[in-house]
Structure formats: structure tokens, C-alpha cells
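Just so it is clear, the structure is predicted and the values come from calculations on it, not from any experiment.
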Amino acid sequence: MPSSGKVLASAARSASYNMILQVMFRMVTFLLNAFILRYISKEMVGVVNVRLTLLYSTILFIAREAFRRACLSSPNKNQWAQTINLIWCTIPVGFFFATILSFVWMFLLERPDDAVLPNYDIGVLIFGLSALLELLVEPLWVLGQALLFVRLKVIIEGFAIAGRCIMTVILVQKCPDLGIVIFCIAQLCFTFIYVSLYYAFFTYYIIKNKDDNFPLKSVRDIFPRIIPGAYWADISTVVLVWSFFKQGFLKQILTEGERYMMTIFDVLNFGDQGIYDIINNLGSLAARFIFLPIEESGYLFFAQTVERGKIAKKQPKESIDLASKALEALLKFVVLVGATILVFGYAYSYLLLDMYGGTLLSSGTGPTLLRFYCMYVLMIAVNGTTECFVFAAMSQKEVDRYNHKMLGFSVVFLTSSYFLTKSVGSVGFILANCLNMLARIIHSIYFISNFYKGSRYSPLSGLVPTPPVLVVFTVSGLITIFSEITFCCNQGIFYRFLHVVIGAVCLLITLITIFLSEKKLISFVIDQWKERRTDEDKNK
């Protein structure tokens, strides 16, 4: 297993590469989607981005999430053959759920009007097939993550996403009458690029690699095989997979709960679903760019640094010291980013939507949805970071107990979603998500507090910014709200530009205050940057 220092440096490097590359590739997607919105109806967006994408994401999550978490928790180079065997079980699991869910999507759920949106059945079959084909990559994905190939995942996913977007734009312009089939072809394009690049990279790496420590010696080692004198898979990892599977099933309901509510209970029509999905995608850009890479890299670091089931006082001193500093720094960083999005997002939601999608998005409930989503983003940031530590530190029994708590969270979330949506419309989904996140944050804080009880560490202090930062956030929020009321957004280009300038000045002052006040965070970031530079110089 890599040393704690190396894992932390690699995790930090992974997070930074992820953020930079995700911003670059996602901005391409962001701009292309803005173009596509001019050519398709909101009903098409609802069917493709909610109904079909939900089928695709559900199959992938159920089939692979538990295997990924279990196999990354304590990778052992002497058990890679068993790990490879186990991870290939995602294929039969995926086929089983793809068959059942495709039947439900085609015959049990409400269908769009064939006269308005034809080829719905083809869409279900293609998106289900795409999910199955992507499971072929799982052994290579786990290998790349465990061996700290920090840029590989984001580069490959970035090329695949770009390919899907380019294909969509071409077909929307050249063959608009294809309807849903356009998105089916684009999805297959994504899958082909994604699978091909993973296998091309690892095939080349295995053939050219001279490192004796690399666990795969030939391309044949990628695939499952009988291991003489050993079980086909490691029993303890299989048990952990089952624990994560039960937990993951519930977590998927919580993660995609609003889409399940839309799909199963028909609380919004396909057009309203499309508008909500667009706002949801815009609001979650920060989660995709920043918080998700941090959560994934954080879990990788904590899973390989913290020993499961042991409190802080019983952990190795070097490991717990690094883990505590990293957790505090991560919490402080995501809180500052989330608070910045909340403060400035409130006053600039209308302007952003009007520039991005015109009156289709800026009229009606669009700006209100995005403002509430900015509050939700802050909760996503805190929850993702605290949970990545909690899941890495829990014992197997604690993971099993958490599954029952997740069931309670699911019931509360689904119930609140239904009644809040009936009462206040699509905003109810965001409010229900906030309640769900708040409950999970409270649980994670309770676990972390008990984990560190009696030790000298207090990483949860990272949840609270310094007083100067709190003051500047409050003042900036009031100024930008006043600016929106006074200058934006129906008085012409000049006043819009003035509104943007005022926000930019407030943001600059906020960033300067953070740099001067959050000395502990800045010091940690600088230390990690120096360590990364030192490692890079040694490798040259």
C-alpha cells in the first residue's frame, strides 16, 4: 500500500487535475447544451434527461457502486486476481437490473405521446445497452483509481462527453426529425469512446510497462480466471460489497429521488421536468467541477489512510495526523466555495438563466429554482466531504447499521418531496433535498465527533469560516441583491454590465479576505503544493 504522505499528495493532485480538466470539458458541454436548447423542446429534454438518463444512471449505480467502494477500501496487490474476478460480477448484476428496469420503463410507467415524441422504446433499449457496455470498463477503472492514475479517469470521461456533445449538435442540426434517436446515437458514441480509450490505454500500458510492481502482467489478466489454491474472490470483500450494495440502493434513491418522484408519481409533466432538469444541471455545475472530484479523491485518501472501525486514539499517529489535517482543510475549502456560490448566486440567477437559455429559462420559476439550488449546493459540499470520511472510517457493522438509517432518510425524503411538490411546485424537490442533506450532515458530524472524542484533533472546526469572512459574505450579499433590484435586468446592456462589475468587485474583496483570514487553510494548500512539486522534481 502507498505511504500516507504519497497517498495524500496523489489525492490532492487527483483533486486538482479533476477540477481543472472537468472545468475545461464541462464548459464545452455547457456551451453546447446552450446551443442545443434552441433546437429541441422542453418535453424532449424531460424525456431524455430525466426518464432515459434515470434508467441509465440507475443501472450503473446499482451494478457498480458497491463493487467500486469495496474494492478500493483496502486494495491488496497480492489479491488483484481475486479483485478482478469480483469486479467482473458487475456484468451479470447489471444485466439482471437492466432487464427488469427496461421492462418497467417500457410497459409500467407513463409513456410520452408517440405522435409528439416517437421512438421511446428504442431510447429505453439503447440507454440500457449503453449502461451494460460501460460495465466492461470496471476492472480497469478500479485498477486506475487504486494505483493513483490521477488524470486517466477525467481525461477519458472528458473526451467521451465531448464526443457525445459534438455528435448531438451535428445530428440536431442535420437530422432534427430523428428526435429521441439523436440522443441514442450520441449516447452510444459516448460509450464507444469511453470503453475504447480505457482498453487502449491499459493494453498499451501492460505491453510497454516494465514495472514489476504493476499487478497485471498480460492483457489476459484483465479478465476473470480460476486461481489455483485460492477462492475465486476474497470473502471479506464480497461481504463488504453486499453491505455497500444495500447502502448504495438507498443512497441512489436519495441521490436521484426527485427524478424517481417525477417518473413514478407523475407530479410534473414532461415539459416541467425538462425545465427542472436544466436548472438542476446548471445548479450542480459546482458539484461536478469541484465537490465530486474532492469527494472521490478524499475517499480514496481516507480509505487508504484510516483503519476501519478504530477511533482516532487507536489509529497510527502519522496517519491520523494527516487525515485530520486533510479533513479540516477539505471542510473549510468546500464551505467557503459553497458559501460563495450561495451569496453571489442569489443575485445573479436571473441574469445567468436569461443569458443561457433566454426567456425559456428566465421566465416562470426558473430563477427561483436556481436561487434555492444555490443553498442546496452548500449542503451538497458539506455532506459529500463529511460522508467520504465517514464511509472510509466505518467498520462493516457500522456500514450495515447505517443502511437502516439510510432507509429512514429515504422515507423522509420521498414523503417530503411528494407533499412539498404538491404544495409549492418544483421548488419542493429542492427543499426536500435540503432536508435530506441536513439529516445526513447531522449524522456524519455525530460520527466524526465520536471518532475524535478524547483526541487532540478537531477537524470539524473547518465547518466555520473566520469572523472577517462571515462579515464580508454578509455585506457582499446585501450589496449584490441591492444591485440586482436597481440595475438588473430589463434596463439594457449597460446596466447589466454594471451589475456584473459590482458583483466582480465584491467577489474580489471576498477572495482577498479569505486569503488573509483563513491562514490555516492557505498554509495547508501551500504545503501540499510544495510536496507535489518536490515529488514531480524527484520523478524527473
For this session: Please report the C-alpha distance between Leu460 and Ser449 in whole Å, then the side-chain angles of each, then the deciding distance to 0.1 Å, and finally whether the side-chain contact (heavy atoms from CB on, under 4.5 Å) criterion is met.
Result: CA-CA 8 Å; Leu460 290 177; Ser449 298; 3.3 Å; yes
For this session: Any chance you could lay out the side-chain contact (heavy atoms from CB on, under 4.5 Å) test for Ser426 and Leu369, step after step, and finish with the verdict?
Result: CA-CA 8 Å; Ser426 51; Leu369 281 172; 3.5 Å; yes
Exercise. Do Leu52 and Tyr120 pass the side-chain contact (heavy atoms from CB on, under 4.5 Å) test, and can you show the C-alpha distance, the side-chain angles, and the key distance before you say yes or no?
Worked result: CA-CA 9 Å; Leu52 296 181; Tyr120 172 73; 4.2 Å; yes
Problem set entry | Residues Val412, Asn436; criterion side-chain contact (heavy atoms from CB on, under 4.5 Å); working and verdict | CA-CA 8 Å; Val412 172; Asn436 164 42; over 6 Å; no
Exercise. When you look at Phe103 and Phe107, which way does the ring-ring contact (aromatic ring centres under 6.0 Å, His included) test go after all the steps?
Worked result: CA-CA 6 Å; Phe103 176 85; Phe107 300 108; 5.1 Å; yes
Exercise. What's the verdict on salt bridge (charged side-chain N to carboxylate O under 4.0 Å, His left out) for Glu65 and Arg69, showing C-alpha distance, side-chain angles and the deciding distance?
Worked result: CA-CA 6 Å; Glu65 184 68 13; Arg69 285 190 174 273; 3.2 Å; yes
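Shown here for Leu431 and Leu420, the closest heavy-atom pair between the two residues is CB-CD1, 3.9 Å. Shown here for Thr53 and Val48, the closest heavy-atom pair between the two residues is OG1-O, 2.7 Å. Closest non-hydrogen pair, Thr168 versus Ile182, comes out as O-CG2, 4.1 Å. Cys434 approaches Met375 most closely through the heavy-atom pair SG-CE, 3.9 Å. Closest heavy-atom contact between Met261 and Ser417: CG-CB, 4.0 Å. Listed here is the closest heavy atom pair of Ile279 and Gly366: CD1-O, 3.9 Å.
Once rounded to the nearest 0.5 Å, the distance linking CD1 of Ile481 with CZ of Phe344 reads 11.0 Å. Interatomic distance, Arg64 CZ to Ile59 CD1, rounded to the nearest 0.5 Å: 11.5 Å. Note: Leu336 CG to Leu378 CG = 10.0 Å, rounded to the nearest 0.5 Å. The OG1 atom of Thr340 lies 6.5 Å from the CG atom of Leu511; values are rounded to the nearest 0.5 Å. How far CZ of Phe447 is from OH of Tyr452: 10.0 Å, rounded to the nearest 0.5 Å. Rounding to the nearest 0.5 angstrom, the gap separating the OG atom in Ser476 from the CG atom in Leu507 is 8.0 Å.
Because its NZ or CZ atom is not both nearer than 6.0 Å to the ring centre of Phe270 and within 45° of the ring axis, Arg51 does not count as a cation-pi partner of that residue.
Under a 3.5 Å cut-off, the side chain of His443 and the backbone N or O of Tyr402 do not form any donor-acceptor pair. Formation of a donor-acceptor pair under 3.5 Å by the Ser130 side chain with backbone atoms of Leu188 is not found in this model. Put simply, the side chain of Gln273 gets close to the backbone of Leu268: a donor and an acceptor are under 3.5 Å apart. The closest donor-acceptor contact from the side chain of Thr421 to the backbone of Tyr418 lies at 3.5 Å or more, if one exists at all. No side-chain donor-acceptor contact under 3.5 Å links Glu518 to the backbone of Pro465. Side-chain N or O atoms of Ser57 include one that pairs as donor or acceptor with a backbone N or O of Leu54 at under 3.5 Å. Checking side-chain atoms of Ser483 against main-chain N and O of Ile479 turns up no donor-acceptor pair under 3.5 Å. In this structure, the side chain of Tyr348 engages the main chain of His499 through a donor-acceptor pair within 3.5 Å. Using modelled atom types, one side-chain atom of Arg111 and one backbone atom of Met106 make a donor-acceptor pair closer than 3.5 Å. A donor-acceptor pair is defined here as one N or O able to donate and one able to accept, closer than 3.5 Å; no such pair exists between the side chain of Ser517 and the backbone of Ile514.
Ring geometry for Phe302 against Phe389 counts as perpendicular: the plane angle is over 60°, on a 0 to 90° scale with 30° as the lower cut.
Annotation for Phe61: atom CZ counts as buried by contact number, over 12 foreign heavy atoms lying within 6.0 Å. Within 6.0 Å of OH in Tyr495 there are 12 or fewer heavy atoms belonging to other residues, nucleotides or ligands. Within 6.0 Å of CG in Leu508 there are more than 12 heavy atoms belonging to other residues, nucleotides or ligands. Atom CZ of Phe473 has more than 12 neighbouring heavy atoms from other residues, nucleotides or ligands inside a 6.0 Å radius.
Among pairs with a residue in residues 360-382, those fulfilling salt bridge (charged side-chain N to carboxylate O under 4.0 Å, His left out) read Arg371-Glu484, at least two apart in sequence or across chains.
Between Phe183 and Leu171 the shortest side-chain heavy-atom distance does not fall below 4.5 Å. Side-chain contact between Thr510 and Val343: absent, with no pair of heavy atoms (C-beta onward) separated by less than 4.5 Å. For the pair Leu327 and Ile448, the minimum side-chain heavy-atom distance is below 4.5 Å. A heavy-atom distance below 4.5 Å is not found between the side chains of Lys332 and Phe524. With contacts defined as side-chain heavy-atom distances shorter than 4.5 Å, the pair Phe429/Met262 qualifies. Contact check for Phe291 versus Val337: side-chain heavy atoms found under the 4.5 Å cut-off. Within the 4.5 Å cutoff, side-chain heavy atoms of Tyr276 are placed close to those of Ile430. Counting only heavy atoms from C-beta outward, the side chains of Asp121 and Trp105 never approach each other to under 4.5 Å.
Here the two rings, on Tyr194 and Phe190, have centers that are under 6.0 Å apart.
Side chains of Asn280 and Tyr373: a donor on one and an acceptor on the other come within 3.5 Å. With no hydrogens or angles considered, no side-chain donor-acceptor pair links Glu387 and Ser444 at under 3.5 Å.
Every residue two or more places apart in sequence or in another chain was checked for a ring pair (Phe, Tyr, Trp, His ring centres under 6.0 Å) with Phe494, and none qualifies.
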